[in-house]
Amino acid sequence: RGTGDSNPLHCNLVGDSTVLQNFVKEMYPPELVENCRKELEERADLTQYTTTNAMADIEEVRAWLGYEKINIIGVSYGGRAAFVYARTYGEHVRSMVLLGPADIESKMPLYHAHEAEEAFDSLFADCRDDSSCNAMFPNLETELRTFVEELRYNPAIATIVDEYTMVPAMVTIRADVFVEALRSAMYSSSGARQVPWIVHQASLGNYAPFLDRIIPELTGYPPFLAEGAYLSITGAEDAPFISTAETDSLTAGTLLGDYRVAQQKRAAELWPKGELPEDYFKNLTVNAPTLILQGGRDPVIGCNKAIRYFANGREIVIPQMAHVPDGLSNIECIDELMLNFLESVDFNAIDTYCIRSMAPPPFKVSEEEK
């Protein structure tokens, strides 16, 4: 529902070393957002990329395929998309499985700072309980909070080398960007287990581990997110509904602060805004049988939020899972839980025993370890 162009809404928010230098200072530099918008507007109507329109497309596909009822699997934002589909076309939904789902009222990224703080606290506790981590980083929490506070008043300067031109460039590392990169790392268990090492090395003045993690994500292709689609969705469904009072309440005293909210709201103001149905935030319960698999270490969603929207739902918390299950041992357990439910659509048929053997990888405590 745009121009019919099959290309995803990717745009270049990171380019040469100059752009990268700016990016390390902030997430959505206005000039790059404007350039992205202009680039994508040449091939797409950006106001059409909303969840409601996308689910109407899914419904057309279902009807064309001739399926009377379908099973839906949604991950992260896919949880919101699945909810919108089930609310609108519920008669065609047999069951749903949602993994770390964003809900329809999550106002992305309003809760990121709060949920990240919970994830950081869990990481501190996990490190204390791990003999190797605790021995190497006995003061992890103090080290992180002290370093971040120092960055707020005195941003760090580091040198990177463009891998294509081999030209060195100076980059500025601010506190908010540093914390956001750590939060992003904690989307997976494997990433979270590198955070203590990154923090410790940065506090010693070695920013290489931090840059080694963030630079590939920024400069890789395809990008981790289709930023154009993300800005279209959040610009219509999230950012306009975030109040200053909510922001202040949910970000006060957190490591991340209001950085993500401020960046998203500013970017949304520069982006074409799609229209939502008048009843978009009404009728917020669906009846489709829904299994929610939620991570106990999720720095994005948190537990016991999405379940309230499902009259016939069950939430299973996987204690050591982050936003996604990457990095956990016995990851096949996720498949077993999903398949058992999809086959029977019976919550009583779900055996959660395998969750006990889902463990994160070891903490990185030396240069040799990945």
Side-chain angles (χ1 to χ4, degrees), residues 13 22-29 76-77 100 102 106-127 140-156 171-189 191-200 202-203 207 209-211 213-214 217-218 224-225 227 230-231 234 238-239 241-268 295-303 305 322-324:
L13 287 176
N22 290 334
F23 195 98
V24 177
K25 291 181 181 179
E26 54 188 5
M27 184 170 185
Y28 287 126
S76 192
Y77 161 75
S106 57
K107 300 181 184 180
M108 295 184 290
L110 176 61
Y111 295 93
H112 282 17
H114 175 77
E115 298 303 339
E117 202 71 12
E118 297 285 336
F120 278 123
D121 287 343
S122 294
L123 183 68
F124 300 146
D126 290 343
C127 186
L140 178 61
E141 179 174 4
T142 299
E143 196 168 46
L144 174 57
R145 296 191 184 281
T146 299
F147 180 66
V148 169
E149 193 64 20
E150 291 175 353
L151 286 182
R152 295 195 197 284
Y153 295 98
N154 186 26
V171 296
T172 302
I173 304 174
R174 298 188 334 192
D176 41 26
V177 175
F178 184 76
V179 175
E180 172 60 15
L182 298 184
R183 188 190 70 85
S184 177
M186 293 194 297
Y187 272 48
S188 68
S189 295
R193 292 288 162 138
Q194 296 183 45
V195 167
W197 173 260
I198 293 172
V199 170
H200 182 64
S203 70
Y207 307 114
F210 166 72
L211 294 172
R213 176 168 185 87
I214 192 174
E217 290 185 1
L218 302 183
F224 176 67
L225 288 176
E227 289 287 359
Y230 187 68
L231 289 172
T234 58
D238 298 276
F241 306 100
I242 298 176
S243 70
T244 300
E246 284 180 310
T247 302
D248 292 344
S249 174
L250 288 167
T251 65
T254 64
L255 284 162
L256 185 60
D258 66 353
Y259 170 71
R260 281 291 281 111
V261 174
Q263 290 281 314
Q264 205 74 45
K265 286 178 71 69
R266 185 181 68 181
R297 300 290 190 271
D298 193 329
V300 188
I301 302 301
C303 302
K305 288 185 176 179
H323 190 50
V324 293

Would you say that [X] contacts [Y] through its side chain, given a criterion of any heavy-atom pair below 4.5 Å between the two side chains?
| X | Y | result |
| --- | --- | --- |
| Val171 | Tyr207 | no |
| Leu231 | Gln264 | yes |
| Asp238 | Ser106 | yes |
| His112 | Val300 | yes |
| Asp126 | Arg297 | yes |
| Ile198 | Arg213 | yes |
| Leu255 | Glu117 | yes |
| Lys107 | Val261 | no |

Closest approach of [X] and [Y], non-hydrogen atoms and distance?
| X | Y | value |
| --- | --- | --- |
| Pro109 | Arg260 | CG-O, 3.5 Å |
| Ile301 | Ala102 | CD1-CA, 3.7 Å |
| Ala156 | Leu151 | N-CD2, 3.6 Å |
| Gly295 | Cys303 | O-SG, 3.7 Å |
| Val195 | Ala185 | CG2-CB, 4.0 Å |
| Glu143 | Ser203 | OE2-OG, 3.1 Å |

- Item | Step-by-step side-chain contact (heavy atoms from CB on, under 4.5 Å) determination, Phe120 to Leu182 | CA-CA 9 Å; Phe120 278 123; Leu182 298 184; 3.9 Å; yes
How long is the straight-line distance from [atom2] of [Y] back to [atom1] of [X], given to the nearest 0.5 Å?
| X | Y | atom1 | atom2 | value |
| --- | --- | --- | --- | --- |
| Phe241 | Lys265 | CZ | NZ | 10.0 Å |
| Ser243 | Leu250 | OG | CG | 9.0 Å |
| Tyr111 | Glu118 | OH | CD | 13.5 Å |
| Leu140 | Leu123 | CG | CG | 6.0 Å |
| Glu149 | Thr146 | CD | OG1 | 8.5 Å |

- Task: Give the ring-plane orientation class for Tyr187 versus His323, where under 30° counts as parallel, over 60° as perpendicular and anything between as tilted.
- Result: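 Tyr187 vs His323 ring planes: perpendicular.
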- Query: Quick one: do Asp258 and Arg266 make a salt bridge, cutoff under 4.0 Å?
  - Reply: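 Not counted as a salt bridge, because no side-chain N and carboxylate O are separated by less than 4.0 Å.
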- Test log, rule side-chain contact (heavy atoms from CB on, under 4.5 Å), inputs Tyr259 and Val179: CA-CA 10 Å; Tyr259 170 71; Val179 175; over 6 Å; no
- Message: Applying side-chain contact (heavy atoms from CB on, under 4.5 Å) to Phe178 and Leu144, what does each step give before you reach the verdict?
- Response: CA-CA 10 Å; Phe178 184 76; Leu144 174 57; 4.1 Å; yes
